[in-house]
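I have placed the structure first, in the form of structure tokens, so that the comments after it can refer back to it.
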Amino acid sequence: MTMLDVQNLSVEYKIQGGVLRAVDGVSFTLKRAESLGIVGESGCGKSTIAKALLQLLPKNGKISGGHVFFDGDDLVGKSAEEIRKMRQKRIALVSQSAMNSLNPVHTVGKQIIEAIRCHSRMSVKEAYARAVEVFSMVGLEEKRLRSFPHQLSGGMKQRAIIAMALSLEPDIIIADEPTTALDVVVQGRILQRIQKIHKEISSSMIFITHDISVVSEVCETIMVMYGGRVMEIADTDSFFRAPYHPYSLGLQNAFPSITEIGQEELVSIPGSPPNLSEPQEGCRFHVRCPFATETCRTEEPPLEKVRDDHYSACWYNDKVESFRREAGKRDT
Ligand code: ATP
Ligand code: MG
């Protein structure tokens, strides 16, 4: 069953001297209990998608086109009040900055119980039991409910935030770089937990990160973004076996698997992402693409099916074998 159907979503920010199109015609769907990873370098529009889905865009941002069907209802056009009501209970956001959103003057237990009661008719006792349950899901002991935020380590605080989001059994969990402030080992553990839990409570999951190795371990589907557009969207296995887009080939070379971090030199893609406040011509990636031709400089490639559950927006999808060889990747 489709939980979320995003069609042609565009988001713009008003900036000095014009507009910046941060998300440009993005479409994807998310089934119940499916997990989707959104990856791409800094500034490609990942967080903007999350904020647009939750209607949490800042004042200068607006959805300038498209639809977001959630459980069949179009969220675009709903009032802020309607969205607020459904937001936390049905779509939960776990972000890096959420770590600082815990109130320092109350115990985490008090905060989680209040959050639960705010969205349900549970008594304090029932809410407490629920808090204990979600705490144990994320591997926190009951006694931690009596801790103040400053008494918890970064990893524990992050798990408390995740527990709070899970306590409402949301239909969709959006995790926007939830673990980047934490060390690699803690990150890995937390990710495994989130993955297990979203299956247990059959929530769908959107995982946002700039590190594709994380997605390979956590998500069934991967969406690669560049300059506000989708470059490739695919079943994760298919993607890691045989990526199609030259940008994806570059990303795969740029990130070793999570277990190898620190042991291998990272090769980054030469150049930097486009300035989105300027009009774009051709393929967004052409300036940095080692395989770009005149066509790429002038015409924007559509997202095309290359295999079952695998789409890539490149004029030269059929030349991918030679691209992979040159990029040092093999199709197995
Ligand atoms: P990161 O990996 O660094 O979190 P991201 O992929 O989440 O990046 P976004 O934060 O969605 O990227 O930003 C997309 C584009 O929109 C960037 O060019 C950014 O500068 C711009 N942008 C984001 N927020 C605003 C804002 N409030 N006003 C103007 N421009 C913004
Ligand atoms: Mg972001």
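Indexing begins at 1, ligand by ligand and atom by atom, following the structure's order. In what follows, every heavy atom counts, from backbone to side chain, and hydrogens, waters and symmetry copies are set aside. We're numbering straight along the sequence, starting at 1.
- Ion pairing between E220 and K31 fails under the 4.0 Å rule for side-chain N and carboxylate O.
- Ring geometry for Y247 against H245 counts as perpendicular: the plane angle is over 60°, on a 0 to 90° scale with 30° as the lower cut.
- With respect to R117 and E114, no salt bridge is recorded, no charged nitrogen being found less than 4.0 Å from a carboxylate O.
- In T48, the parts holding a heavy atom less than 4.0 Å from any atom of ligand 1 are both the side chain and the backbone.
- Distance check on atom 17 (C) of ligand 1: some protein heavy atom falls below the 4.0 Å cut-off.
- For ligand 1, the atoms closer than 4.0 angstrom to any heavy atom of A22 are 14 (C), 15 (C), 16 (O).
- Looking only at heavy atoms of the protein, atom 1 (P) of ligand 1 is closest to S42 OG, 3.6 Å.
- When L20, N275, I38, L57 are ranked by how near their heavy atoms come to atom 21 (C) of ligand 1, first place goes to L20.
- Side-chain contact between M164 and R159 is absent, with no heavy atoms from C-beta onward closer than 4.5 Å.
- Note on S47: counted as a metal contact of the Mg ion (ligand 2), an N/O/S atom lying under 2.8 Å.
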Does the side-chain hydrogen bond (donor to acceptor under 3.5 Å, both in side chains) test come out yes or no for Y128 and S123, once each step is laid out?
CA-CA 8 Å; Y128 181 82; S123 66; over 6 Å; no
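- In this structure, atom 4 (O) of ligand 1 lies nearest to the protein heavy atom S47 OG, 3.8 Å.
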Side chains of residues 103-110: which donor-acceptor partners sit under 3.5 Å, not counting sequence neighbours?
{"unit_1": "N103", "atom_1": "OD1", "unit_2": "V105", "atom_2": "N", "d": "3.0"}
{"unit_1": "T107", "atom_1": "OG1", "unit_2": "K110", "atom_2": "N", "d": "3.1"}

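- Of all the heavy atoms of V23, none lies under 4.0 Å from any atom of ligand 1, so neither backbone nor side chain is involved.
- Taking the charged nitrogens against the carboxylate oxygens, E326 and K319 have no contact shorter than 4.0 Å, which rules out a salt bridge.
- The residues K78 and D73 are annotated as salt-bridged, a charged nitrogen and a carboxylate oxygen being separated by less than 4.0 angstrom.
- Annotation: cation-pi geometry not satisfied between R307 and F239 (NZ/CZ under 6.0 angstrom from ring centroid, within 45° of ring axis).
- Looking only at heavy atoms of the protein, atom 22 (N) of ligand 1 is closest to Y13 CE1, 3.4 Å.
- For atom 27 (N) of ligand 1, the choice among G45, A52, P58 with the nearest heavy atom turns out to be P58.
- Between C44 and ligand 1, at least one N/O pair is under 3.5 Å apart.
- Between R229 and E300 there is a salt bridge, with a side-chain nitrogen of the basic residue lying less than 4.0 Å from a carboxylate oxygen of the acidic one.
- Neither the backbone nor the side chain of I208 has a heavy atom within less than 4.0 Å of ligand 1.
- Ring pair F323/Y316 is perpendicular by interplanar angle, where above 60° counts as perpendicular and below 30° as parallel.
- Residue L276 has no nitrogen or oxygen atom sitting less than 3.5 Å from a nitrogen or oxygen atom of ligand 1, judged on distance alone.
- Counting only heavy atoms of the protein, atom 14 (C) of ligand 1 lies nearest to G43 O, 3.4 Å.
- Atoms of ligand 1 lying under 4.0 Å from any heavy atom of I15, numbered from 1 in the order shown and given with element: 29 (C).
- The nearest heavy-atom contact from the protein to atom 2 (O) of ligand 1 is K46 NZ, 2.8 Å.
- Polar contact check, N60 against ligand 1: a nitrogen or oxygen pair lies under 3.5 Å apart.
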